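These notes concern the structure reproduced below.
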Amino acid sequence: MDNITLARLLDETAALLEIDGADPFRIRSYRRAAEAIEQQTAQLAPLATPDADPKLLLAIPGIGKGMAANIRDLVATGSMPLRDELMTKYKPTMLELLRLPGMGPKTVALVWSALQVGDIDALEAAARAGHLNTLPRMGEKFTAKLLKGIEDYRRNSSRFRIDEAKEFAERIAKLILAFPGIDQVTPAGSLRRGRETVGDLDLLATGPACEADVVAAAVEHVATLPLIDKLMARGQNKVTFTLRNNLQVDVRLLPRASYGAALQYFTGSKHHNVALRQRALKRGLTLSEYALLRLEDNAIVAAASEEEIYNALDLDYIPPELRENCGEIEAAAAHTLPKLITLRDLRGDLHMHTVESDGTATILDMAKAAIARGLEYIAITDHSKNLAMTNGLDDVRALAHIRRIREVDAELAELFAQEKGPQWLRYRNAKAGDIRLTHYGEVIEPQPPTAAFRVLPGIEVDILAEGELDLEDATLAQMDIVVASVHSRFDQPIDVMTARVLRALENPYVNILGHATGRKVLKREPYAIDITAILRRAAELGVAVEHNAAPARADLNDLHLRLAKELGVKLVINTDAHATGELDQMHHGIVQLRRAWLTADDLLNTRRAVDFLALLRKRP
DNA sequence: GCCGTTTTCGGCCCGACTGTTTTCAGTCG
């Protein structure tokens, strides 16, 4: 039984306990255990066998004697007594009801006990028949909202990818900023924390118009924005609505003086906030979205900035990406938070395409775009022949392409030698206007170059059915960068796919493993290969593993990135750009790396080009 | 059910909004 299943079973038990009206603190402990298990990079099942050291499970915060016994039961039998008992009392489909808006545990328990309604279809039927109106607190409005909720749930219960969510956040922010007196709109929530997907948007607005005595007008402005599909709720300083694509947006308008407290509060995560408030209480303080207050006299200790609040709690400032209550508070207290990687640390991008296969720009265009973004080297890695639909290269074309790449490389080196930099800055400045080198507010200033920009010849070679590659070794030997990727046939069993990739890693010319998992971020599809096995082998062989920065193609999740670091895997981050503008996708990938606590030292392509090449796998 | 620079017992985060209430329970983030 893997960690994800374990966590899901405990989380379901928590939900059933909630419906059962159990002690809320006991419920919380089940949730906490589920979250703790999800965060582990090592599988727990081997630690839960009868002959394993019991201390190992107990070492995980949130798991005590009782929960350890539950875990051992789950691993041994697939279930546990409490869960079995609850499952006979209630229906598993009731868990789904909790996902509907307005349906909490109490209401689910009520419709079950009063009407024997235990699944979505029955609930909808009861609502349409007016049966719900006979129950307390469930009138016309509740029923109408619920029916809409059921409809939305069936149509689209998925989350939104971070790049899409960010785009909407920016559009809405622009509309809100049109109101005079609102001078700042900041995305908070999981978008600011850099989660791969977000369930809803949290936007925090502030400025003179958001002060308590005048905020009503600004609320009216937000509640009547033209792109609102359905207004869900509106309060004194909060507006909730959905867009036509069903993305839910929460806008809070808060006074400038409490901006820091509000930003901290709405950025979350929930668990991080809970832990922070507990810490505050231990210090005789109380934390809310308005301020950090001293309990005895309600004096404001900190409110204007997040830094003040963390510092007042004897903590170093914690970057949003780390705020998951996953050890960051302890590290901040001990001053041992890592110096997280930033976009600025990146020096090269080793995976991109040109017009030679399925890209839209030339080699020189890609080089200029990379220079404009402050990079020092790139690798051109067009597709190989097996991907016919991308106009992939056979051996003859691949060798000819290498010659052109080397020509561009030499051309740029000559320019650098002749003009010592100014020419490079011209490339930069020509593009500076329409390139947004920002990372959630941090503006990246390109630095003057200290060495010639390098364009490295490479290829993204396709892994075939038996694990062999679709180009000759003699061709691959000419390349600096050989990215091996799986592009299709993900319908194969996981062991078949894994063996295929492992075999490809053995090829002495492969120095980077490209996308291989067939993972789709929004579809909850299982991985097509055993990532743990692949990472272990890659570490042994010295093959670098790519983290694809494009949100649509991100193969590795937070957990895999942390595991890769633990295993000493050589990691690189690449955009896989098919157009110059796609190089900007890099910042999404950087955020993912930050979430995994990675620093500049954990990546190969934060090094200078010459150092980087020396760190790659040794070739025969 | 977990946990311990006040603790092996007695705590366990905070506030806003909704609906249907005539003072609040349930939900949400």
Side-chain angles (χ1 to χ4, degrees), chain A residues 10 13-14 17-19 21-36 57-71 80 82 97-111 132-146 149 188-190 193 198-204 212 215 219 223 231-240 248-254 258 261-262 264-293 295 313-314 325 333:
Chain A
L10 289 177
T13 306
L17 280 171
E18 223 169 8
I19 292 168
D23 172 22
F25 300 110
R26 191 180 175 208
I27 295 165
R28 185 183 301 171
S29 68
Y30 276 84
R31 290 245 153 82
R32 234 165 75 79
E35 282 144 19
L57 277 183
L58 296 175
I60 299 167
I63 295 182
K65 279 177 77 173
M67 206 57 72
N70 284 333
I71 293 169
M80 53 191 242
L82 177 62
L97 295 183
L98 290 170
R99 302 176 63 124
L100 299 173
M103 291 295 288
K106 293 282 173 11
T107 316
V108 171
L110 180 64
V111 297
L132 296 184
N133 299 358
T134 61
L135 301 174
R137 296 181 187 284
M138 296 169 81
E140 294 289 328
K141 274 180 140 174
F142 181 91
T143 308
K145 206 172 193 170
L146 182 64
S190 45
R193 296 202 310 283
V198 303
D200 57 15
L201 283 183
D202 286 295
L203 299 179
L204 184 58
V215 72
V219 168
L231 190 65
M232 306 287 286
R234 107 178 243 185
Q236 280 176 4
N237 61 4
K238 168 183 167 174
V239 180
T240 301
Q248 182 173 319
V249 185
D250 289 332
V251 183
R252 269 98 172 182
L253 304 100
L254 289 143
S258 55
Q264 195 291 313
Y265 179 90
F266 291 116
T267 297
S269 68
K270 189 176 170 181
H271 303 296
H272 174 87
N273 285 357
V274 168
L276 217 55
R277 279 177 230 137
Q278 283 168 342
R279 187 178 177 88
L281 282 180
K282 281 187 187 156
R283 283 167 171 66
L285 306 168
T286 176
L287 179 61
S288 75
E289 65 259 54
Y290 297 111
L292 181 66
L293 299 176
L295 275 174
L313 294 169
D314 302 319
N325 194 24

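These numbers were taken from a predicted model, which means no experiment stands behind them. Letters A, B, ... mirror the listed sequences (proteins, then strands); counts begin at 1.
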- request: Using the P atom as the reference point in each nucleotide, state the distance between B:dG26 and B:dT20 in Å, no decimals.
  value: 15 Å
Per A:M67 side chain, nearest of listed nucleotides B:dC14, B:dT18, B:dC2: B:dC2
Dump the pairs, protein N or O against N or O of nucleotides 25-29 of chain B, anything under 3.5 Å, distances to one decimal.
residue: B:dA25; atom: O4'; partner: A:R137; partner atom: NH2; Å: 3.3
residue: B:dG26; atom: O3'; partner: A:T107; partner atom: OG1; Å: 3.4
residue: B:dT27; atom: OP1; partner: A:G104; partner atom: N; Å: 2.9
residue: B:dT27; atom: OP1; partner: A:G104; partner atom: O; Å: 3.1
residue: B:dT27; atom: OP1; partner: A:T107; partner atom: N; Å: 2.9
residue: B:dT27; atom: OP1; partner: A:T107; partner atom: OG1; Å: 2.3
residue: B:dT27; atom: OP2; partner: A:K106; partner atom: N; Å: 3.4
residue: B:dC28; atom: OP1; partner: A:G102; partner atom: N; Å: 2.7
residue: B:dG29; atom: N2; partner: A:Y265; partner atom: OH; Å: 2.3

- prompt: Should A:R283 and A:D314 count as an ion pair when the cut-off is N to O under 4.0 Å?
  reply: yes
query: How would you label the contact of A:P61 with the nucleic acid (heavy atoms, under 4.0 Å): base, sugar-phosphate, or nothing?
result: sugar-phosphate
- prompt: With a 4.0 Å cut-off on heavy atoms, is A:I27 in touch with a base, just the backbone sugar-phosphate, or nothing at all?
  reply: nothing
- line: note: A:L110, atom CG; B:dG19, atom C1'; distance rounded to Å ~ 14 Å
- prompt: Rounding to a whole Å, what distance do you find between A:F25:CZ and B:dC3:C1'?
  reply: 13 Å
field: Integer-rounded Å distance: B:dG19 C1' and A:R234 CZ
entry: 18 Å
- line: Of A:D23 and A:M138, the one whose nearest nucleotide on DNA chain B sits closer to the 5' end is A:D23
- prompt: Roughly how many Å is it from NZ in A:K145 to P in B:dC17, rounded to a whole number?
  reply: 13 Å
- request: Could you list the residues that satisfy side-chain contact (heavy atoms from CB on, under 4.5 Å) with A:A262, not counting sequence neighbours?
  value: A:L204, A:L254, A:F266
statement: Here the distance between atom P of B:dG1 and atom CD1 of A:I60, to the nearest Å, is 18 Å
Any donor-acceptor N/O pair, A:S269 side chain to A:H272 backbone, under 3.5 Å: yes
- prompt: Of all the choices, B:dA16, B:dT20, B:dC2, which nucleotide is nearest to the side chain of A:R32 once you look at every atom?
  reply: B:dC2
- prompt: Between atom CG in A:L204 and atom P in B:dG15, what is the gap in whole Å?
  reply: 17 Å
message: So does A:A223 get a backbone contact from the side chain of A:R234, meaning a donor-acceptor N/O pair under 3.5 Å?
response: no
- line: Whichever of A:V274 and A:A233 has the more 5' nearest nucleotide on DNA chain B, that residue is A:V274
message: I'd like to check A:R252 versus A:D202 (side-chain heavy atoms, cut-off strictly below 4.5 Å). Are they in contact?
response: yes
- prompt: Taking atom C1' in both B:dG29 and B:dT23, what distance in whole Å separates the two?
  reply: 24 Å
task: Go ahead and name the base partner of B:dT8; Watson-Crick or wobble counts if both distances stay under 3.5 Å, otherwise write none.
output: none
- prompt: A:N273 CG to B:dC12 C1': how many Å, rounded?
  reply: 16 Å
- request: Could you tell me whether A:E140 contacts a base, only the sugar-phosphate backbone, or nothing, with contacts defined as non-hydrogen atoms closer than 4.0 Å?
  value: sugar-phosphate
- prompt: For A:L276, which contact category applies under a 4.0 Å heavy-atom criterion: base, sugar-phosphate, or nothing?
  reply: nothing
message: With rounding to the closest Å, how many angstrom separate the C1' atoms on B:dT6 and B:dC12?
response: 16 Å
field: Separation of atom CG in A:L254 from atom P in B:dA16, rounded to whole Å
entry: 10 Å
query: Between A:E140 and A:K145, is the closest basic N to carboxylate O distance under 4.0 Å?
result: no
